[in-house]
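Encoded as structure tokens, the structure appears first; notes follow it.
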Amino acid sequence: MQSRNSKTYELVLTALFTAIIVVMASTPLGFIPLVVINATTLHIPVIIGSLFLGPKKGAFLGGVFGLSSFIKSSIAPAASAFIFSPVAALTMLPHDSVGAALLIVFKSTFIAIVPRILIGVVPYFVYVGIKKAISSDKKAVVGSIINAVVSFILGFGVFAFFNKMISEGVLGMSVSVARVIGIVVGIAAFAGIEYLFMNKDAKALGFITAGIAGAMTNTLLVMGSIYLFYKVPYAELLQIDPDALMAVIAGVISFNGVIEAIVGAVIVYLVGIVLDKIQPAGVYSDKAMKIKAVASDNSAKQAAL
């Protein structure tokens, strides 16, 4: 009965997350326009789904996310639509043979789908790995090291955000002040996460790190694929020299990617600690059934002996 209840819970949660992704993909809540590419919050339900439903259903949710990008870029193509839509790519980019056309289809489909599928896989294994690491005898050392990395990312993200505002003339403060704010936020984040980790709930570190890992998986793979597959057309879109594209992509990763990672970390943690009370993260019914089956076989063997 417990297994059946778990299956029902997972089906309901999968349907819920799928619906959330579809709604977010259809509204400004899912995509934040940033000049020539859309920053997204759609990775968040995919990450949470990965943690509580397992990597298979997480991959499915990631596929829904990727398909939504595919459809959105095909139906309402922007200047950068060729990145995520082979339909738009075939109309926007030159191709003089069937082979060239198929290559374009592969590139755009890969960027739209594969990185998003991995958003539903990577966070699960990151969470499980960290959970195992902090369950060891070296919990304090391992946890503090991971916390230091996470806090650095959070602090750097705050600095990058303020620095971007300064460079655009929105804020009148100096870069040095922004750097100090970033350092203070990083230290405060380290202290807060360390307190949760040591005194409250060690899983907090796992949720926060999984949120960051999922968001950065999306950003790194998408931007990396753009550079690998569409270096020249993307540089032309930005009206820059192709040799300067790497610096631009690095800027997107250090700003957009880190900001998305921070948002993802906070929301995944807040939602995760609530759902974890209903069903623990990192455990799903298929896995539980396999473990139960193995335990039964071992019991039978011991009884025979």
Which atom names give the shortest non-hydrogen contact between [X] and [Y], and what distance separates them?
{"X": "Gly257", "Y": "Met216", "value": "O-SD, 3.5 Å"}
{"X": "His43", "Y": "Glu260", "value": "NE2-O, 3.5 Å"}
{"X": "Met24", "Y": "Pro45", "value": "SD-CG, 4.2 Å"}
{"X": "Ile104", "Y": "Tyr230", "value": "O-OH, 3.3 Å"}
{"X": "Ala281", "Y": "Asp276", "value": "N-OD1, 2.7 Å"}
{"X": "Ser108", "Y": "Phe82", "value": "OG-O, 2.6 Å"}

In terms of hydrophobic clusters joined by side-chain contacts under 4.5 Å, are [X] and [Y] together?
{"X": "Ile259", "Y": "Val158", "value": "yes"}
{"X": "Ile117", "Y": "Ile83", "value": "no"}
{"X": "Leu205", "Y": "Ile187", "value": "no"}
{"X": "Leu270", "Y": "Val263", "value": "yes"}
{"X": "Leu11", "Y": "Ile48", "value": "no"}

Which hydrophobic side chains are connected to Val184, either touching it within the sub-4.5 Å cutoff or through other members that do?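 Besides Val184, the hydrophobic cluster comprises Val180, listed by chain and residue number.
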Under 4.5 Å between any side-chain heavy atoms of [X] and [Y], yes or no?
{"X": "Phe17", "Y": "Lys57", "value": "no"}
{"X": "Ile153", "Y": "Val258", "value": "yes"}
{"X": "Thr209", "Y": "Tyr127", "value": "no"}
{"X": "Gln279", "Y": "Glu10", "value": "yes"}
{"X": "Arg116", "Y": "Phe70", "value": "no"}

Separation of [Y] [atom2] from [X] [atom1] (nearest 0.5 Å):
{"X": "Thr217", "Y": "Leu118", "atom1": "OG1", "atom2": "CG", "value": "7.0 Å"}
{"X": "Ile47", "Y": "Leu61", "atom1": "CD1", "atom2": "CG", "value": "11.5 Å"}
{"X": "Leu13", "Y": "Leu275", "atom1": "CG", "atom2": "CG", "value": "6.0 Å"}
{"X": "Phe106", "Y": "Phe229", "atom1": "CZ", "atom2": "CZ", "value": "5.0 Å"}
{"X": "Ile212", "Y": "Ile146", "atom1": "CD1", "atom2": "CD1", "value": "11.0 Å"}
{"X": "Ser26", "Y": "Lys72", "atom1": "OG", "atom2": "NZ", "value": "7.5 Å"}

When you look at Tyr269 and Ile273, which way does the side chain to side chain contact (heavy atoms under 4.5 Å, CB included) test go after all the steps? CA-CA 6 Å; Tyr269 167 67; Ile273 58 175; 3.4 Å; yes
Val121 and Lys56: CA distance, side-chain angles, deciding distance, side chain to side chain contact (heavy atoms under 4.5 Å, CB included) verdict: CA-CA 7 Å; Val121 177; Lys56 291 181 181 179; over 6 Å; no
Output every pair passing side-chain hydrogen bond (donor to acceptor under 3.5 Å, both in side chains) with a member in residues 149-158, not counting sequence neighbours, ordered by first then second residue.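 Sorted result for residues 149-158: Asn147-Ser151.
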All pairs passing side-chain hydrogen bond (donor to acceptor under 3.5 Å, both in side chains) where residues 89-104 contributes a residue, at least two apart: none
Does the [X] side chain pair with the main chain of [Y], one donor and one acceptor, at a distance under 3.5 Å?
{"X": "Ser144", "Y": "Val141", "value": "no"}
{"X": "Ser73", "Y": "Ser69", "value": "yes"}
{"X": "Ser85", "Y": "Ala81", "value": "no"}
{"X": "Thr219", "Y": "Ile253", "value": "no"}

Check the pair Val222 / Ile111 against side chain to side chain contact (heavy atoms under 4.5 Å, CB included), numbers first and verdict last. CA-CA 6 Å; Val222 169; Ile111 297 174; 4.2 Å; yes
Hey, what's the ring geometry for Phe52 with Phe207, parallel, tilted or perpendicular (30° and 60° as the breaks)?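 Ring orientation of Phe52 relative to Phe207: parallel.
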Return the orientation label for the Phe152 and Phe156 ring planes: parallel under 30°, perpendicular over 60°, tilted otherwise. parallel
Decide side chain to side chain contact (heavy atoms under 4.5 Å, CB included) for Ile119 and Leu42; before the verdict, give the C-alpha distance in whole Å, the side-chain angles of both, and the deciding distance to 0.1 Å. CA-CA 10 Å; Ile119 298 174; Leu42 280 168; over 6 Å; no
